[in-house]
Amino acid sequence: MIPARAWADAQRLWDFQQMGHEPRLCSVAIGLGSHDLGVADATVELFRQGMAPLIVFTGATSRTTRDRMPRGEAEHYRDRAVELGVPAGVILVEPNARNTGENIRFSRALLEERHIPVSSALLVSKPYEERRAYATARKLWPEIEWISASAPMALSEYVDSIGDARLVIDMLVGAQQRLMVYPRQGFMVEQEIPDQIAAAYERLRGDGFTSRLVPESAARA
C-alpha cells in the first residue's frame, strides 16, 4: 500500500514535470527511446495532427529494454509507428543513444548529416520526464525552440499502464533528483525548483522511493 501522503507528493512531482506547452507545427518530432511504447504512440498522434512533417526516433537499449526491445528502442518505436500508419519514409532512426543527452546530440547530428534544417522540435518523452528532457535539450541544442510533449494522461492512468505504483514513484523521484543535480554538471539548464516540490522530493526519498536515484558522488563526478 502506498500511503496517502506519498501519493500526494507523487502527484506534486508529476504535475511539476508537465511543462504545459501547447503543441504547434515544428520542423521535427523527436521521440525519446525508453521502455514505454506510449512515447511512440504520442509521437504518432502529433504527426497525425500535422504538428511535424518528420519524426526522429532515438535510442539503443538499456537494462530495462534489452529483452523487450532487442533491436533497440528506436527501431521498435519505428515499427510501432509504421504499424499505426505512419509512412516509413518520414521516420529517421538514431540507434545509438543511451541517455537523454545522447538522444539530443545524436539526433542533432543525424539531422545535420541529412542537411535537414531545424528551427523547432517537438520533444516527446514519458509524461514524468517532460521537464527533465526539456532542460537537457535546451542545454545541448539551445539554438532551436523546444516544445515538450508526452501522452496526455493522469498519474493514476500512467500507474495503471505500468502496473507498478512503487516503480512509477521511484521514477518520479529519480527524474526530480536529476533536475536538481545535473545542471551544475553541465548536463541541463537550471530549473527553478519550488520549495513545495523540493519538500515532496525529500519526503518521498525519505520514505524509500530511491531505486531510480543516481549516486550523489557519481552525479558530482
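All residue numbers refer to positions in the sequence shown, counting from 1.
- Note that CZ of Arg114 is 13.5 Å distant from CD of Glu112, once rounded to the nearest 0.5 Å.
- The shortest side-chain heavy-atom distance between Met171 and His35 falls under the 4.5 Å cut-off.
- A salt bridge links Arg203 to Asp9: one of the charged nitrogens lies within less than 4.0 Å of a carboxylate oxygen.
- Shown here are the salt bridge (Lys or Arg N to Asp or Glu O under 4.0 Å) partners of Asp207, two or more places apart in sequence or in another chain: Arg5.
- Considering CG of Leu123 and OG of Ser107, their distance stands at 9.0 Å, rounded to 0.5 Å.
- Residues Tyr128 and Leu155 form no side-chain contact, since every pair of their non-hydrogen atoms from C-beta on lies 4.5 Å or further apart.
- With sequence neighbours left out, Leu46 forms a side chain to side chain contact (heavy atoms under 4.5 Å, CB included) with Pro23, Gln49, Met51, Leu122, Val124, Ala149.
- Gln17 meets the side chain to side chain donor-acceptor pair (under 3.5 Å) test with no other residue; sequence neighbours excluded.
- No side-chain heavy atom of Ile116 sits less than 4.5 Å from a side-chain heavy atom of Leu110.
- Atom CZ of Arg131 is surrounded by more than 12 heavy atoms from other residues, nucleotides or ligands within 6.0 Å.
- Put simply, the side chain of Asp170 does not reach to within 4.5 Å of the side chain of Leu172, judged on heavy atoms.
- Salt-bridge annotation for Glu202 and Arg205: absent, with no side-chain N of the basic residue lying under 4.0 Å from a carboxylate O of the acidic one.
- Close placement of the His21 and Tyr134 rings is indicated, their centers lying within 6.0 Å of each other.
- Although no hydrogens or angles enter the test, the distance criterion places no donor-acceptor pair under 3.5 Å between the side chain of Ser125 and the main chain of Leu32.
- Sparse packing is recorded around CZ of Arg68, with 12 or fewer heavy atoms of other residues, nucleotides or ligands lying under 6.0 Å away.
- Counting non-hydrogen atoms of other residues, nucleotides and ligands closer than 6.0 Å to CG of Asp195 gives a total of 12 or fewer.
- Taking the charged nitrogens against the carboxylate oxygens, Glu73 and Arg78 have no contact shorter than 4.0 Å, which rules out a salt bridge.
- Of the residues listed (Leu54, Ile91, Val90), the one engaging Phe47 in a side chain to side chain contact (heavy atoms under 4.5 Å, CB included) is Val90, and it is the only one.
- In this model, a donor atom of one side chain and an acceptor atom of the other lie less than 3.5 Å apart for Glu94 and Thr58.
- Under the 4.5 Å side-chain criterion, counting only non-hydrogen atoms from C-beta, Tyr201 is in contact with Met180.
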Next item on the list: Start with the C-alpha gap between Tyr77 and Asp36, add the side-chain angles, then the distance that decides, and say whether side chain to side chain donor-acceptor pair (under 3.5 Å) holds.
Entry: CA-CA 9 Å; Tyr77 276 24; Asp36 186 355; over 6 Å; no
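- Met188 contributes atom CE, which lies 3.5 Å from atom OG1 of Thr136 (distance to the nearest 0.5 angstrom).
- Atom CD in Gln176 sits 10.0 Å away from atom CG in Leu204 (nearest 0.5 Å).
- In this structure, Glu157 contributes its side chain and Ala154 its backbone to a donor-acceptor pair below 3.5 Å.
- Once rounded to the nearest 0.5 Å, the distance linking CD1 of Ile169 with CH2 of Trp14 reads 11.5 Å.
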Notebook entry, point to check: Between Glu75 and Arg80, does a salt bridge (charged side-chain N to carboxylate O under 4.0 Å, His left out) hold up when you go through it step by step?
Noted result: CA-CA 9 Å; Glu75 293 283 359; Arg80 175 67 168 175; over 6 Å; no
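- Residues Tyr182 and Val214 are in side-chain contact: their nearest non-hydrogen atoms beyond the backbone lie under 4.5 Å apart.
- Residues Glu129 and Arg132 meet the side-chain proximity criterion, which asks for heavy atoms closer than 4.5 Å.
- Here the side chain of Ser120 pairs a donor or acceptor atom with the backbone of Ser27 at under 3.5 angstrom.
- Rounded to the nearest 0.5 angstrom, Phe106 CZ and Ile30 CD1 are separated by 13.5 Å.
- Using a 4.5 Å cut-off on side-chain heavy atoms (C-beta onward), Thr100 and Arg178 make no contact.
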